[in-house]
Trainee: 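Okay, here's the structure, questions in a sec.
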Number of protein chains: 2
Amino acid sequence: MIPRAQKSPVPLDICHLAKAIETIGDRWTLLILRAALFGVRRFDDFQKELSIPRTVLSGRLGKLVETGILEKQKYKEDGKRARPEYVLTEAGEALRPVFMALTQWGDDWVSDGALPPISFTHAKSRQKVRPAFVDEHGRETLMKDTRVSLRR
Amino acid sequence: MIPRAQKSPVPLDICHLAKAIETIGDRWTLLILRAALFGVRRFDDFQKELSIPRTVLSGRLGKLVETGILEKQKYKEDGKRARPEYVLTEAGEALRPVFMALTQWGDDWVSDGALPPISFTHAKSRQKVRPAFVDEHGRETLMKDTRVSLRR
DNA sequence: CAGTATCCGGTCTGATACTG
DNA sequence: CAGTATCAGACCGGATACTG
């Protein structure tokens with residue numbers, strides 16, 4: 001077990017984890033990102049899926065665009081006029097591992113025994129894929145052998 | 001890129017990811033868990049580190065105990081009377097990969113170019129460790145080769 | 001469809017004070 | 001230390017209505 005500490009080794013104001021939490025760490029933002037990672041892109045699709053008040057959705061989408069996680073693009077269906085859609089940027093796509101890890105945690109700890117409704121598999125081999133930690137050679141490293149190193 | 005979808009493949013109410021978000025997905029809870037994963041355990045240590053109102057802290061710690069992420073234990077310093085401390089349960093410890101992945105994302109995308117203040121290394125080899133996805137044999141799998149499979 | 005405008009009521013925040 | 005009590009104000013959620 002981790003030894004007791006009076007404080008974290010990194011002050012809050014320079015902690016990238018803390019910044020990440022400030023950026024995406026609220027209920028609606030996380031739920032929007034969950035949907036976005038599943039491919040949802042349009043205002044009304046988000047609204048229907050989440051039953052989120054339109055004002056709140058508008059605000060959150062705006063902030064996610066500001067922070068560079070979503071990009072507001074135009075799409076055009078034949079005959080109709082162009083409409084906006086919110087597409088994940090590279091930064092947004094990079095959140096996928098975070099959500100996969102959280103999904104795994106949910107499966108393990110808040111599922112009430114229900115089987116996972118989805119799983120992640122390798123496209124070709126169909127083998128199950130799970131989040132883990134690897135060393136520089138791409139070999140799995142056990143959590144218990146992992147340490148935090150402070151940069152000096 | 002992920003194709004556009006009208007809705008997520010999993011309804012919100014049976015989605016373990018959504019449940020996980022409901023459980024730990026708010027600013028203060030995430031910041032408390034960050035500190036806890038760094039070893040912080042005591043009420044006043046949390047309070048000082050986060051500058052969180054005592055009432056709010058009290059509420060959040062209570063909820064985290066309820067949901068089985070923290071456990072309220074007693075510690076005793078010599079001469080003094082026993083006092084409570086909040087220690088991560090197995091479920092709480094299991095959140096570490098989630099926070100490591102989020103730290104990595106923060107380093108990559110919200111750091112404003114600053115070098116990461118901490119890094120994760122293998123206890124023995126001192127090699128850097130990063131979050132990734134592995135197949136059943138512990139071999140790294142590229143994100144782009146990963147698919148979501150729906151259980152039927 | 002994709003928003004903005006408005007409004008109300010509730011919860012959360014943050015400050016301060018008090019207790020064992 | 002580790003909380004609970006109290007309180008004003010900010011912010012958020014939810015509903016409804018209106019616009020291009």
Trainee: Does B:Lys76 make a side-chain N or O approach to OP1 or OP2 of D:dC1 shorter than 4.0 Å?
Mentor: no
Trainee: Report the distance from atom CG of B:Asp26 to atom P of D:dC12, rounded to the nearest whole Å.
Mentor: 13 Å
Trainee: Confirm from the modelled atom types if A:Arg42 and C:dA2 form a donor-acceptor pair under 3.5 Å, side chain to base only.
Mentor: no
Trainee: Nearest to the side chain of B:Lys72 - D:dG3, D:dC1, C:dA2?
Mentor: D:dG3
Trainee: So, is B:Lys80 near the phosphate of D:dA2, with a side-chain N or O under 4.0 Å from OP1 or OP2?
Mentor: no
Trainee: Starting at atom CG of A:Leu31, determine the distance to atom P of D:dG14, rounded to an integer number of angstrom.
Mentor: 11 Å
Trainee: Tell me whether B:Arg42 is salt-bridged to B:Glu77, with the criterion being a basic N under 4.0 Å from an acidic carboxylate O.
Mentor: yes
Trainee: In whole angstroms, how far is the P atom of D:dG3 from the CZ atom of B:Arg60?
Mentor: 16 Å
Trainee: Whole-Å distance between D:dC1 P and B:Phe46 CZ?
Mentor: 14 Å
Trainee: Using purine N1 to pyrimidine N3 plus N6-O4 or O6-N4 for Watson-Crick, or N1-O2 and O6-N3 for G-U wobble, both under 3.5 Å, which nucleotide pairs with C:dG20?
Mentor: D:dC1
Trainee: Could you give the CZ-to-P distance, from B:Arg54 to C:dA15, as a whole number of Å?
Mentor: 13 Å
Trainee: Between A:Arg81 and A:Gly59, name the one whose nearest nucleotide on DNA chain C is closer to the 5' end.
Mentor: A:Arg81
Trainee: When the distance from CG of A:Leu57 to P of D:dG13 is rounded to whole Å, what number comes out?
Mentor: 11 Å
Trainee: Could you please name the partner base of C:dT6, counting Watson-Crick and G-U wobble pairs only when both distances are under 3.5 Å?
Mentor: D:dA15
Trainee: Of the candidate nucleotides D:dG3, D:dT6, C:dG3, which contains the atom at the shortest distance from the side chain of B:Pro84?
Mentor: D:dG3
Trainee: Using a strict 4.0 Å threshold on nitrogen-to-oxygen distance, state whether A:Arg130 and B:Asp135 make a salt bridge.
Mentor: no
Trainee: Output yes when B:Arg41 and B:Glu71 qualify as a salt bridge under the 4.0 Å nitrogen-oxygen rule, no when they do not.
Mentor: no
Trainee: With a non-hydrogen cut-off below 4.0 angstrom, is B:Thr55 in contact with a base, only sugar-phosphate, or nothing?
Mentor: base
Trainee: Does a nitrogen or oxygen in the side chain of A:Ser58 sit under 4.0 Å from OP1 or OP2 of C:dG3?
Mentor: no
Trainee: One thing to verify: whether A:Asp45 and B:Arg4 come together as a salt bridge, which I'm taking to mean a side-chain N less than 4.0 angstrom from a carboxylate O.
Mentor: yes
Trainee: Would you say a side-chain N or O of A:Tyr86 is under 4.0 Å from OP1 or OP2 of C:dC1?
Mentor: no
Trainee: Run the salt-bridge test on A:Arg96 and A:Glu93 with the 4.0 Å N-O cut-off and return the result as yes or no.
Mentor: yes
Trainee: If you compare every side-chain N and O of A:Trp28 against the phosphate oxygens of D:dG13 (OP1, OP2), does one of them come in below 4.0 Å?
Mentor: yes
Trainee: Between C1' on D:dG13 and CD on B:Glu22, what's the gap in Å once rounded to a whole number?
Mentor: 14 Å
Trainee: Whole angstrom is fine here: how far is it from CG in A:Asp45 over to P in C:dG3?
Mentor: 12 Å
